[in-house]
Amino acid sequence: MKIIDGKKISNQIKDEIKKEVDSLIASNQKVPHLAAVLVGEDGASLTYVGSKVRSCKQVGFDSTLIRLPSTITESSLIEEIDKLNNNKLIDGFIVQLPLPKHIDEEKILMAIKPEKDVDGFHPTNFGKMALNMDTFIPATPFGIIELLKRYNIETSGKHTVVIGRSHIVGRPISILMNSKREAGDSTVTVVHSRTKNLEFYTKSADILVSALGIPEFVKASMVKNDVVIIDVGITRVEDSSNEKGYILKGDVDFESVKNRASYITPVPGGVGPMTIAMLLKNTLLSKSLSKDK
Ligand code: GUN
């Protein structure tokens with residue numbers, strides 16, 4: 001069994017990005033600028049956005065964090081988005097999800113200018129991705145593709161089973177891995193909460209991508225020998241013995257499944273760090289495409 005070290009690969013990618021930023025600086029060009037909008041006080045979202053901002057500093061990007069109260073109205077949030085759409089200094093921005101219940105997520109994502117949508121969540125970008133056109137690919141699936149590529153894991157002709165059909169991970173990774181592209185050409189099955197006899201599918205997976213959010217859901221009995229496991233779950237589970245009061249758990253029962261797997265991503269340190277690295281990569285791409293946004 002080999003561990004897929006997302007921390008190590010994400011650091012390599014950040015180093016590559018930093019080199020590109022250094023050459024922009026050397027030629028007197030503006031460095032990429034990422035903005036993040038955070039609505040409310042959700043603990044996990046605060047941590048993720050904090051890491052995104054810190055990573056910008058690491059690679060030499062400018063960053064702006066816009067914090068808004070959970071009581072903000074939908075129209076005021078759209079006004080904030082419009083300011084970012086029109087701010088020529090900002091190359092790309094994200095609105096951290098989930099949003100408070102009174103705000104329609106779809107309306108918010110639709111309000112982001114596609115050229116600045118470095119999360120790749122706008123229907124224009126999602127549609128381009130589905131058609132295999134160049135665009136911003138959502139950071140988590142993009143990170144999974146990059147891990148498969150950098151570990152030379154064969155995907156062509158393999159059976160990939162994706163657990164979960166979210167717009168952020170399950171749906172896009174199923175499209176990407178099924179497409180004619182690097183780390184693609186896979187035969188993909190998507191299973192979800194309404195799937196009957198889910199184990200029938202997971203047991204036939206050569207590659208299993210789990211993006212479900214239920215800690216330790218995938219057990220050794222649900223997979224075959226030599227499976228490649230990509231665990232996207234990061235759930236906070238209460239643990240009073242830990243100083244933070246919680247520990248992070250993936251969707252996969254790592255200790256039992258690791259003995260069966262040929263490759264496996266740990267949690268933390270697998271897919272998580274890749275998400276941030278690929279968001280930075282999208283921001284660099286946005287900067288390079290920007291003439292007058
Ligand atoms: N919430 C969980 N993952 C993500 C992500 O990749 N982008 C945004 N904007 N919100 C998220």
Side-chain angles (χ1 to χ4, degrees), residues 1-10 12-13 120 129 137-179 181-192 195 198-199 201-235 248-279 281:
M1 177 273 300
K2 285 200 181 117
I3 299 274
I4 298 179
D5 189 344
K7 184 93 198 131
K8 184 179 87 185
I9 303 290
S10 71
Q12 281 172 9
I13 293 169
M129 178 200 67
I137 293 173
T140 302
F142 197 8
I144 295 170
I145 294 291
E146 201 62 27
L147 285 176
L148 294 168
K149 271 162 61 175
R150 296 199 186 213
Y151 275 85
N152 292 313
I153 292 170
E154 183 62 83
T155 56
S156 176
K158 301 291 181 189
H159 184 206
T160 295
V161 174
V162 177
I163 309 181
R165 53 182 163 176
S166 72
H167 294 175
I168 295 182
V169 186
R171 181 79 33 120
I173 195 64
S174 70
I175 292 170
L176 291 166
M177 291 194 66
N178 170 261
S179 300
R181 54 175 296 139
E182 267 191 292
D185 283 329
S186 209
T187 303
V188 177
T189 303
V190 180
V191 298
H192 48 76
T195 298
L198 184 133
E199 287 191 32
Y201 300 99
T202 57
K203 272 183 191 154
S204 80
D206 300 309
I207 302 169
L208 183 68
V209 180
S210 187
L212 177 73
I214 301 179
E216 299 181 335
F217 176 83
V218 176
K219 307 287 184 196
S221 60
M222 293 167 66
V223 297
K224 68 178 184 184
N225 284 338
D226 293 332
V227 64
V228 174
I229 299 275
I230 306 291
D231 188 352
V232 188
I234 320 181
T235 308
L248 296 176
K249 290 240 183 226
D251 286 353
V252 176
D253 181 3
F254 186 86
E255 283 311 312
S256 75
V257 172
K258 73 175 187 201
N259 301 316
R260 285 235 146 144
S262 54
Y263 289 90
I264 186 166
T265 60
V267 176
V271 175
M274 291 299 291
T275 297
I276 296 182
M278 302 322 275
L279 176 66
K281 215 168 160 69

Query raised in the report: Roughly how far apart are Y151 OH and I3 CD1, rounded to 0.5 Å?
Result: 9.0 Å

Query raised in the report: Sub-3.5 Å donor-acceptor pair from the side chain of T202 to the main-chain atoms of M222, do we have one?
Result: yes

**Report entry** Side chains of T155 and T160 in contact at under 4.5 Å (non-hydrogen atoms)
**Finding:** no

Query - S10: partners by side-chain hydrogen bond (donor to acceptor under 3.5 Å, both in side chains), with sequence neighbours left out - result: none

Query raised in the report: Around K219, counting heavy atoms of other residues, nucleotides and ligands shown, do more than 12 lie under 6.0 Å from its NZ?
Result: yes

Query raised in the report: With sequence neighbours excluded, what pairs up with N178 under the side-chain hydrogen bond (donor to acceptor under 3.5 Å, both in side chains) test?
Result: none

Requested in this report: Sequence neighbours left out, what passes salt bridge (Lys or Arg N to Asp or Glu O under 4.0 Å) with K149? Give chain and number order.
Outcome: E146, E182

Query raised in the report: Excluding sequence neighbours, so at least two apart, what forms side-chain hydrogen bond (donor to acceptor under 3.5 Å, both in side chains) with S210?
Result: D251

Query raised in the report: Are side-chain heavy atoms of I145 and I137 found at a separation under 4.5 Å?
Result: no

Query raised in the report: Which value, rounded to the nearest 0.5 Å, describes the distance between M177 atom CE and S156 atom OG?
Result: 10.5 Å

Report summary line: Residues at least two apart in sequence or cross-chain that pass salt bridge (Lys or Arg N to Asp or Glu O under 4.0 Å) with K158, listed by chain then number, are none

Query raised in the report: Quick one: are Y201 and V190 in side-chain contact, heavy atoms under 4.5 Å?
Result: no

Query raised in the report: Going by heavy atoms in the side chains, are F217 and T235 under 4.5 Å from each other?
Result: no

Using atom types as modelled, flag every donor-acceptor pair under 3.5 Å from a side chain in residues 260-275 to any protein atom, sequence neighbours excluded.
from	atom 1	to	atom 2	distance (Å)
R260	NE	N225	OD1	3.2
R260	NH1	A220	O	3.1
R260	NH1	V223	O	2.8
S262	OG	D226	O	2.9
S262	OG	V227	O	3.4
T265	OG1	D231	N	2.8
T275	OG1	T140	OG1	3.0

Query raised in the report: Taking I230 as the fixed residue, which of V162, I144, I153 is the one that meets the side-chain contact (heavy atoms from CB on, under 4.5 Å) rule?
Result: I144

Report summary line: D206 meets the salt bridge (Lys or Arg N to Asp or Glu O under 4.0 Å) criterion, sequence neighbours left out, with K224

Could you tabulate the donor-acceptor pairs under 3.5 Å formed by side-chain atoms of residues 165-175, not counting sequence neighbours?
from	atom 1	to	atom 2	distance (Å)
R165	NH2	H192	ND1	3.4
S166	OG	V169	N	3.0
S166	OG	G170	N	3.3
S174	OG	G170	O	3.4
S174	OG	R171	O	2.7

Report summary line: Sorted by chain and number, sequence neighbours left out, salt bridge (Lys or Arg N to Asp or Glu O under 4.0 Å) with E154 holds for none

Requested in this report: Please name all residues satisfying side-chain hydrogen bond (donor to acceptor under 3.5 Å, both in side chains) with S204, sequence neighbours left out, ordered by chain then number.
Outcome: H159

